[in-house]
Protein chains: 2
Amino acid sequence: MERKAAAPARKTAKKSAAKKPRAPKSKDVSTEERIKEAARKLFTQKGFAATRTRDIAEEAGINLALLNYYFRNKEKLFEIIMWENIQLFIGVIMQNLEGKDMSLEQMLEYVASAYIDMLLKNPDLPFFVLSNLQSGAALDTAKSGVFLERIDNLRHTFFNRFAEEIRKGHVPDIHPLHFLANFMGMIIFPFVASRLLMNRFDLSQQEFKKLMEERKELIPGWMIRIMGAQ
Amino acid sequence: MERKAAAPARKTAKKSAAKKPRAPKSKDVSTEERIKEAARKLFTQKGFAATRTRDIAEEAGINLALLNYYFRNKEKLFEIIMWENIQLFIGVIMQNLEGKDMSLEQMLEYVASAYIDMLLKNPDLPFFVLSNLQSGAALDTAKSGVFLERIDNLRHTFFNRFAEEIRKGHVPDIHPLHFLANFMGMIIFPFVASRLLMNRFDLSQQEFKKLMEERKELIPGWMIRIMGAQ
DNA sequence: GTCTATAGCACGATAGAC
DNA sequence: GTCTATCGTGCTATAGAC
């Protein structure tokens, strides 16, 4: 009857997993950390549903059972990774700005530069974070809400100073959201659309990276122009 | 032994599915179209892996087996939705621009306005499209490549005229990618981060929508400023 | 074309030896 | 702490009646 493959939906994932000589990780990293590292990589790249615990175990070079020994289950592990990623993602924005007494332009330069550096190291991060904060993502919608609250409880130094700055001098009639969206969009969007852009302009990874480096200096200038009195 | 629930990972999805009186869709819509509509909704919201064929069937008000009757399997159905979404997503950019002889500013206005209208109607679209074009997404990486090629085969009227315009007059030393990334980022990013922004600024859906409407007129102005000679 | 029933497998989680 | 072996179930896909 030629049945053979009733549920072949997984052929994709299995293929690349074939053998792999169990990554020669140094033993000085604890097993728990190895699992988290593997989970971070896979969850961040493929999302919750598309990642299988078996893959995490293999990537970490340990047995599947250990995953449930250290972290209770897949979901718990995901939430840990999720929260760490969120902190990384928005942490950049609010580190050490309080009390630094910078000008607006200096702030923009500082944040843009730090953010782009971080994104060059973690290109998949914005997608992961944003996607899991939007509704209807991997987790229960209620869960996203919890994270959003937790985010809000961290004081947004940059957001606040940014909004304040706008209210003070620049552009009276325009909602601060506009400028924040522009700023973050200019920084983050190219990473979210990197494949599309690299394809469009026929760029190598190196060339793309170089352009992103350029943006560290360009973006603050653009922002100043945009925020000038209308 | 208290086993009972060996794989409780699904509690989330099952809950909301409880009964639902089989949506009173009008009969003049073909079954095939109903399935596609349901699939578009769910795939776009939750992605490939997190969407179950059972949910699609229920959402469409038909039996599961019909899904495989019309479309061969889950993956085939996904590819159809994927491609239609891509066309919607980048189609806006290149409709009727050829031979219209607009100024740069007019082009920016036209595209920004059309794009934002489309995004207001399909807020989940950018996430879906971008996420599935980046590597390591729902589908095999090779698949993304196919789509990228297909995209490139559609002539990018706007991209071309945009890049050309930049080369002609404005800003000689800056790579066109920068401006395209800025433009698309300003348009698309707020939708990708809508939850975060609405939460941050304490906005209702209505208020958010209104701000997006504002951006139709603001973005072209900002772009002109940015692209002015440095 | 549309349904019910079910095959068959892959997954997450656990038991239990060491 | 770490492993192997296995359970129970959710899933996709199909067979087959109507």
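Order of the sequence lines sets the chain letters (A, B, ...), proteins ahead of strands, with each chain counted from 1.
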Against the side chain of A:A65, the closest entry in D:dA15, C:dA15, D:dC11 is C:dA15

Rounded to the nearest Å, what distance is computed from the CD atom of residue A:E75 to the P atom of nucleotide C:dA13?
-> 9 Å

Indicate yes or no: does B:K216 engage B:D117 in a salt bridge with an N to O separation below 4.0 Å.
-> yes

A:R54 (side chain) and C:dG12 (base): donor-acceptor pair under 3.5 Å | yes

Ion pair B:E59/B:R34, N-O distance below 4.0 Å | no

Here the distance between atom P of C:dA13 and atom NZ of A:K74, to the nearest Å, is 8 Å

From CD1 of B:I35 across to P of C:dG1 the rounded distance in Å is 11 Å

Considering only D:dA13, D:dT4, C:dA13, which nucleotide approaches the side chain of A:N73 most closely?
-> C:dA13

Separation of B:I56 atom CD1 from D:dC11 atom P, in whole Å?
-> 12 Å

What is the distance from CD1 of A:I62 to C1' of D:dC3, rounded to the nearest Å?
-> 11 Å

So which nucleotide from C:dT4, D:dT4, C:dG1 ends up closest to the side chain of B:Y70?
-> C:dG1

B:Y69 OH to D:dA17 P, straight-line distance once rounded to whole Å = 17 Å

To the nearest angstrom, how far is A:L64 atom CG from C:dA15 atom C1'?
-> 14 Å

Are the ring centres of A:F189 and B:F189 closer than 6.0 Å?
-> no

Counting any heavy atom closer than 4.0 Å, what does A:L67 reach on the DNA or RNA strands: base, sugar-phosphate only, or nothing?
-> nothing

Give a yes or no on whether a salt bridge exists between A:E207 and A:K210, defined as a side-chain N under 4.0 angstrom from a carboxylate O.
-> no

Starting at CG of A:L66 and ending at P of C:dG12, how long is that distance when rounded to a whole Å?
-> 16 Å

D:dA13 phosphate, OP1 or OP2: any side-chain N/O from B:N68 under 4.0 angstrom?
-> yes

Can you tell which of D:dT14, C:dT4, C:dA15 lies closest to the side chain of B:R72?
-> D:dT14

If you measure only the distance, is there a donor-acceptor pair under 3.5 Å linking the side chains of B:R40 and B:N122?
-> no

Under-4.0 Å side-chain N/O to phosphate OP1/OP2 contact, A:T31 with D:dG1 = no

